[in-house]
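Read through the structure below, which is laid out as structure tokens, and then see the notes.
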Amino acid sequence: MKIYFPQWQGSGTGKSIEDGARTILDYLDDPEFVHIPLSKITAGKNGEKKHHINNYDAINEQLTRLKTSISQKQPKTIKTIGGDCGLEIIPVSYLNQKYTNLGVIWFDAHADINKPCDSPSCNFHGMPLRTLLGEGSEHMNNLLFSTIEASQIHYIGVRDIDDTEQNRIDTGEIYAPKKTNIIDLINTLQSKKITNLYLHFDFDCLEPNDYNKTYYQVTDGVTIPEAETCIKALQQNFSIVGSSALESITTEISELHPIKGIIELLINK
Ligand SMILES: NC(=[NH2+])NCCC[C@H](N)C(=O)O
């Protein structure tokens with residue numbers, strides 16, 4: 001199943017994330033994408049915070065739509081154009097229920113593992129992994145198809161981590177090396193007997209000199225050739241049952257040029 005879900009409300013005020021999703025959709029020009037409509041509940045500057053989550057009602061309503069659509073279709077695989085990282089709680093928890101021992105590969109500059117009450121921003125896109133662990137807000141748990149274990153989480157390119165997130169990572173089980181070594185990652189996944197993977201891809205994992213049309217830019221990122229090599233190696237060694245392309249913000253298709261290879265690998269391979 002291919003899904004277009006341009007959720008931006010998880011970033012607080014970042015409407016550019018919706019525009020960026022549309023640009024990737026237009027570039028791919030693929031009628032197979034199922035469009036999930038966003039909530040009309042006021043969000044952003046005048047949005048309301050509930051349970052330590054900005055724009056809670058809008059996010060809850062539209063993620064419920066996404067969940068319903070996936071439940072009805074019961075897809076074997078899910079490819080998503082987004083959108084902010086908060087949307088991941090739906091496809092990941094669905095695929096995790098379908099495939100035992102799903103490996104979750106998180107290409108991202110950020111750890112996205114905040115508890116709502118610890119989050120400096122109260123933006124839900126910094127919370128999806130903690131939610132998926134079943135340690136987030138009880139007010140989001142109704143959206144989950146299943147919860148994951150810490151040992152299923154593997155970061156690539158993570159380098160902007162809040163102190164409270166680091167504390168969670170330091171309690172063990174989560175794979176979060178300072179520098180990516182693809183051989184080590186593959187060995188780690190194989191030693192855990194993981195065969196199926198979900199590839200979460202926030203374009204801010206990339207080195208900004210290679211691509212900076214992202215909601216955040218964080219120095220010392222993964223280069224585009226490194227990211228492509230890594231995705232290809234994972235595709236050769238594992239079965240990829242889901243992937244996402246998230247938080248790019250350009251409104252010009254021509255500016256997607258540097259990341260076209262990555263988009264193709266994630267969505268069309
Ligand atoms: N998906 C993202 N862009 N996440 C950024 C999160 C930034 C920061 N850690 C926060 O929780 O607010």
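These values consider heavy atoms only, across backbone and side chains, with no hydrogens, waters or symmetry-generated copies. In listed order, ligands and their atoms are each counted from 1.
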[X] and [Y]: side-chain donor and acceptor closer than 3.5 Å?
X: Ser146; Y: Gln97; answer: no
X: Thr23; Y: Glu252; answer: no
X: Gln7; Y: Asp84; answer: yes

For ligand 1, find out whether one of its N or O atoms is nearer than 3.5 Å to an N or O atom of [X].
X: Ser121; answer: yes
X: Asp112; answer: yes
X: His125; answer: yes

If we set the cut-off at 4.0 Å for heavy atoms, which region of [X] has an atom near ligand 1: side chain, backbone, both, or neither?
X: Tyr215; answer: neither
X: Glu247; answer: side chain
X: Ile161; answer: neither

What are the atoms of ligand 1, with element, lying closer than 4.0 Å to any heavy atom of [X]?
X: Cys85; value: 1 (N)
X: Tyr216; value: 3 (N), 5 (C)
X: Asp202; value: 1 (N), 3 (N)
X: Gly126; value: 6 (C), 11 (O)

query = So with a 6.0 Å cut-off around NZ of Lys115, is the heavy-atom count from everything else above 12?
reply = no
request  = Do me a favour and list the nearest non-hydrogen protein atom to atom 11 (O) of ligand 1 with residue, atom name and distance?
outcome  = Asn114 ND2, 3.0 Å
ask   = Got the closest protein heavy atom to atom 7 (C) of ligand 1, with its distance?
value = His110 CD2, 3.9 Å
task = Determine the minimum heavy-atom distance between Ile36 and Pro6, stating which atoms define it.
result = O-CD, 4.2 Å
message = Can you tell me if Asn123 contacts ligand 1 (heavy atom of the residue under 4.0 Å from the ligand)?
response = no
ask   = Is the NZ or CZ atom of Lys213 both under 6.0 Å from the centre of the six-membered ring of Phe203 and within 45° of that ring's axis?
value = no
request  = Return the option from Leu246, Val218, Asp162 holding the heavy atom at the smallest distance from atom 8 (C) of ligand 1.
outcome  = Asp162
request  = Answer yes if the ring centres of His110 and Tyr216 are under 6.0 angstrom apart, and no otherwise.
outcome  = yes
request  = State plainly whether the residues Glu165 and Arg168 are in salt-bridge range, i.e. N to O under 4.0 Å.
outcome  = no
key: Short N-O contact, Arg22 and Glu18, less than 4.0 angstrom   = no
